[in-house]
2 protein chains.
Amino acid sequence: MGRRERKKAATRQALADAALKLFLERGYEQVGVKEIADAADVSVTTLFKHFGSKEALVFDQDADKEAALVAAVRDRPAGRSVPDALRDHILVSRFAYGANPELRRFLDLVESTPALREYSDRMWIRHRDALAHAIAAEIGAPADDASSAALAFFALQARALTRDHPDPRHMINETFNLLAAGWAAVHPE
Amino acid sequence: MGRRERKKAATRQALADAALKLFLERGYEQVGVKEIADAADVSVTTLFKHFGSKEALVFDQDADKEAALVAAVRDRPAGRSVPDALRDHILVSRFAYGANPELRRFLDLVESTPALREYSDRMWIRHRDALAHAIAAEIGAPADDASSAALAFFALQARALTRDHPDPRHMINETFNLLAAGWAAVHPE
DNA sequence: ATTCAAAAGTGCAATCACTACACTTTCGCA
DNA sequence: TGCGAAAGTGTAGTGATTGCACTTTTGAAT
């Protein structure tokens, strides 16, 4: 990778870092793009060349999530159903920030900011087709199989569904109980 | 109803009418709020006193939809399951514009405008709790029953799920097959 | 090494939805 | 009859996002 791309990546990183730092300090809405650009020592124009929107500054990794999602289905333990594998993956990705306080604060920021919540939801839904195809492949159905698409969509929406529930873990489990039972009925083995 | 409220309602209606007319003529994005206000002969400030956002100008009826939704569940034919009743309701509300070309154009406008699609989706989801409570009441579960909440949420999301599918009717049916089977398994009668 | 075009970055002005404010007009009603 | 709330106005702002014309950097081909 040449100097050019390295510098570009550095600028991008500086922007994302500055943004996250400022957001955590003072809250998403209380920070303007101008400040972020200044903190990263670039112009606002440059900021928007790197990130399509203010929200995008916070979510700087996307492709790996999709890969992980597809892998969760494809590489699931033998005997585990597709919905159950998805349940596991959602539970882990939602509650496994372990003892990492940075991640914890980041998730709190997202959850407490409506604009970021919506953006995050939309990000997940963008992986809908990829997940649907992975599921269809697993059961040997055509790529545009409707039930696979429905399961993929619902699994991805589960985050939004369980967000404001008092007991998210329980809500997720109940939700996937419904999906798993329906899936088993539609696709008996 | 006194003259005052009549005038207020008239202004509101003039705004909604002007907005819809302009949107249909030239497209949602190509029309500014200023133009709408001018067409209705009020100030922009007044426009925003009546409608919370530009999108809201298009969706001027909300309460009745929620009532219809709850009624679809509560007053369903004897022997019909809750998910099936919801399927019927969704199918009707989605395809029953009959020979009404105005409604047809309106729906096309919404479907072809990202901002309006999202707004419409969010509007439906706002009814989530009401629908969830109605479902829970039907099966004699506590109001915060998790499976009822999941079913309500998924049924409402079905519109978004089936939007960009080549055969929406088929997609809706497959989706509700999944939900109905899951629901039957979780709530055997 | 020189040159050249693309890529990265800049600065400015503009757009557009939406808000705050301070103000006037209009009714409803006591 | 008169007063206060409600409806409406106009202006000036904010804040994200875009378009434009411009300079600087740098990879690569000659």
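The figures that follow rest on heavy atoms only: side chains count, while hydrogens, waters and symmetry mates do not. So you know, we letter chains A, B, ... as the sequences are listed, proteins then strands, and number each from 1. The structure presented is a predicted model; accordingly, all values stated were derived computationally and were not measured.
In this structure, CD1 in I90(A) is found 6.5 Å from CG in L69(A), a value given to the nearest 0.5 Å.
Contacts between residues 112-121 of chain A and DNA chain C, defined by a heavy-atom separation under 4.0 Å, are absent.
Residue E35(A) contributes atom CD, which lies 13 Å from atom P of dT14(D) at whole-angstrom precision. The CZ atom of R12(B) sits 17 Å away from the P atom of dA6(D) (whole-angstrom rounding). Rounded to an integer number of Å, the gap from CZ of R6(A) to P of dG9(C) is 14 Å. As rounded to whole Å, 12 Å separates atom C1' of dG9(C) from atom CG of L15(A). Distance NZ (K7(A)) to P (dG9(C)): 9 Å, rounded to an integer number of Å. Here dT24(D) presents its C1' atom at 15 Å from CG of D41(A), a figure rounded to the nearest Å. Rounding to whole angstrom units, CZ of residue R3(B) and C1' of dT25(C) are separated by 14 Å. Spacing between atom NZ of K8(B) and atom C1' of dG8(D) amounts to 11 Å, rounded to whole angstrom units.
Under a hydrophobic-cluster definition in which Ile, Leu, Val, Met, Phe, Trp and Tyr are linked whenever side-chain heavy atoms come within less than 4.5 Å, directly or via other members, M123(A) and F106(A) are assigned to the same cluster.
Side-chain N/O atoms of H50(B) include none lying less than 4.0 angstrom from OP1 or OP2 on dA7(D).
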**Request:** Could you encode protein contacts along nucleotides 15-24 of chain C as a string, one character per nucleotide from 5' to 3', using B for base contact, S for sugar-phosphate-only contact and - for no contact, with a heavy-atom cut-off of under 4.0 Å?
**Result:** --SBBB----

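Note on R12(B) versus D60(B): salt bridge recorded, some NZ/NE/NH1/NH2 to OD/OE distance being below 4.0 Å.
Ring-plane geometry between H170(A) and H165(A) is classed as tilted, the angle between the planes lying from 30 to 60 degrees on a 0 to 90 degree scale.
The closest side-chain donor-acceptor pair between R87(B) and T175(B), if any, does not fall under 3.5 angstrom. A donor-acceptor pair shorter than 3.5 Å can be found between the side chains of H187(A) and S147(A).
If you check dT26(C), dG8(D), dT26(D) against the side chain of R4(A), the one that comes closest is dT26(D). If you check dA7(D), dA8(C), dG11(C) against the side chain of S43(A), the one that comes closest is dG11(C).
Test R80(B), R76(B), R94(B) against D88(B) for salt bridge (Lys or Arg N to Asp or Glu O under 4.0 Å) and you get one pass: R80(B).
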**Item:** Steps toward side-chain hydrogen bond (donor to acceptor under 3.5 Å, both in side chains) verdict (R159(A), S120(A))
**Value:** CA-CA 10 Å; R159(A) 341 189 108 254; S120(A) 167; 5.4 Å; no

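For the side chain to side chain donor-acceptor pair (under 3.5 Å) test, residues two or more places apart in sequence or in another chain that qualify with H127(B) are D62(B), E66(B).
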